[in-house]
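Structure first, commentary second.
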2 protein chains.
Amino acid sequence: MTTTVPDPEDLTARARIRDAALRHFGEHGFERATIRGIAETAGVSLGLVRHHFGSKQALREACDEHLMKTMHGLHEAAATRSMGGGLNPVTAMGPYRRYLARALAEGWAAPFFDEMVRIGEQWLTETDKSRPDPPDVDARSRAAVFAAMALSPSVLAQHIERSLGTGLDTPEGQDKLLRVLLDVYSHPVLSLEEAAEARAALDRGRRS
Amino acid sequence: MTTTVPDPEDLTARARIRDAALRHFGEHGFERATIRGIAETAGVSLGLVRHHFGSKQALREACDEHLMKTMHGLHEAAATRSMGGGLNPVTAMGPYRRYLARALAEGWAAPFFDEMVRIGEQWLTETDKSRPDPPDVDARSRAAVFAAMALSPSVLAQHIERSLGTGLDTPEGQDKLLRVLLDVYSHPVLSLEEAAEARAALDRGRRS
DNA sequence: CATGGCGCTATACGCAGGTATAGTCTGCTT
DNA sequence: AAGCAGACTATACCTGCGTATAGCGCCATG
């Protein structure tokens, strides 16, 4: 199961432009990326980009849409699979990682995030059944924070790479990150007592 | 202990420009923010900005520096305090939140992130002593991921707010987020067995 | 008093880059 | 054959914005 794209050479020009835009937006961000640069990468004239997409904004929306479409299948698969893959989108979303990270950080890709929240919420309401203590916050809110945390290695990849000492795209990086996540996800930061205490403090503050 | 700035009216012009820049960079991002807009917000001519800071890039660096300086005290305090505050910078960094989030997402503010990692690493090596199972990844890597996760509610604030149904700046939002974090931080996603199993699978894969 | 630094403004320059237009070539329909 | 549509290019336009320059008023200091 290789994720390689089917030879960018013989793709339709429109698709090549979209892919180039995905790359440029991901690498430079929406503002810094230029239509001219995208056109050049796609091996295409400036005007053709406009011809196919109309405007820079529309081009971005096309990227978002395409990403959502290709992600959907992968996403559901990841949800049903073990949580190791589900809560670690870094390894999964491959070439779209940078674009997604930029989009999320800049406030776009809302449908994608909300979809992750939805799936997480399902999973939480499921596991909540076999949980001894009742949660005092709704599953949706918890799912949102989980989603944000799961995506943070992608969004803050540059910083994590600095500390890990290896690129997140490399096999070693992937392996290391996964091991870190396994450790982190299996060890609570706070004991139930500490959490309950802090919660009680919050309640006291709220009452006053 | 109010975090209010001491009356923006009678601050030196240089400081007012810096604060305006902090706001504009935070709200619009570095590229979209314009020196002219910053100057206007600061109630100052365009040229004065250049006079004091020389260039847009230098202005940003001045912002970073100032943020680092004001954060430092607060940061150490949060580190010594209970982990509830330490691992939840959202509540702490108040007016700088948006700027910091942008800066981090765009790959800047590296010293800040690294400082968080440093503190987290200290804390981890401390708590590791009273941990039954030996971690198979170094404390620094885990600290980096923790830092990213702790910052994710700030960086992805817009998306979380959509799910929470309330702004993260409001008292209700702060309260809700804190309760979610308490719950999340006190409940592991994976059992130790599941994690060990996944780790074993990784080991098998690495051997081949 | 002069003179020089400094905080500050007004205005101009230059260009990068999004947008718009006009035109060419190819292929398909009638 | 005629003509139209759509993919594609070349080039022009124009605004926004970072940068640069020239100058003014004010206080200190010799």
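Sequence lines set the chain letters: A, B, ... in the order given, protein chains first and strands last, and positions in each chain run from 1.
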query: Rounded to the nearest 0.5 Å, how far apart are CZ of B:Arg199 and CG of B:Asp136?
result: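 That separation rounds to 5.0 Å.
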
task: Could you tell me the separation between the CE atom of A:Met149 and the OH atom of A:Tyr185, rounded to the nearest 0.5 Å?
output: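 The CE atom of A:Met149 sits 8.5 Å away from the OH atom of A:Tyr185.
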
- prompt: With respect to the phosphate group of D:dG6, does any side-chain polar atom (N or O) of A:His52 fall under 4.0 Å of OP1 or OP2?
  reply: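 Result: no.
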
- prompt: How does each nucleotide of nucleotides 18-23 of chain D score, in 5' to 3' order, for protein heavy atoms under 4.0 Å: base (B), sugar-phosphate only (S), or none (-)?
  reply: BBB---

task: With B:Arg102 as the cation and B:Phe30 as the aromatic partner, state whether NZ or CZ is under 6.0 Å from the six-membered ring centre and within 45° of the axis.
output: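 No, B:Arg102 does not sit over the ring of B:Phe30.
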
message: Students should find this one: the first and last nucleotides of DNA chain C, 5' to 3', lying under 4.0 Å from a heavy atom of chain A. What are they?
response: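 The contact span of chain A on DNA chain C goes from C:dG17 to C:dA20.
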
- prompt: Rounded to whole angstrom units, what separation is found between the CD1 atom of A:Ile17 and the P atom of D:dA7?
  reply: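 Between P of D:dA7 and CD1 of A:Ile17: 11 Å.
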
message: Tell me the interatomic distance from A:Glu40, atom CD, to D:dT9, atom P, rounded to whole angstroms.
response: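 Interatomic distance, CD of A:Glu40 to P of D:dT9: 13 Å.
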
message: Suppose the criterion is salt bridge (Lys or Arg N to Asp or Glu O under 4.0 Å): which pairs have a residue in residues 160-170 of chain A, not counting sequence neighbours?
response: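 For residues 160-170 of chain A: A:Arg97-A:Asp169, A:Arg98-A:Asp169, A:Arg162-B:Asp114.
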
query: Any side-chain donor-acceptor pair under 3.5 Å between B:Ser141 and B:Asp138?
result: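 Side chains of B:Ser141 and B:Asp138: pair found under 3.5 Å.
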
- request: Taking atom types as modelled, find out whether A:Gln122 and A:Glu126 have a side-chain donor-acceptor pair closer than 3.5 angstrom.
  value: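 No, no side-chain donor-acceptor pair sits under 3.5 Å.
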
query: Is any side-chain N of the basic residue among A:Arg118 and A:Glu115 closer than 4.0 Å to the acidic one's carboxylate O?
result: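 Answer for the salt bridge query: yes.
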
message: Which residue in the set A:Glu106, A:Arg32, A:Glu31, A:Lys56 passes side-chain contact (heavy atoms from CB on, under 4.5 Å) when paired with A:Phe25?
response: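 Running side-chain contact (heavy atoms from CB on, under 4.5 Å) over A:Glu106, A:Arg32, A:Glu31, A:Lys56 with A:Phe25 returns exactly one hit, A:Lys56.
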
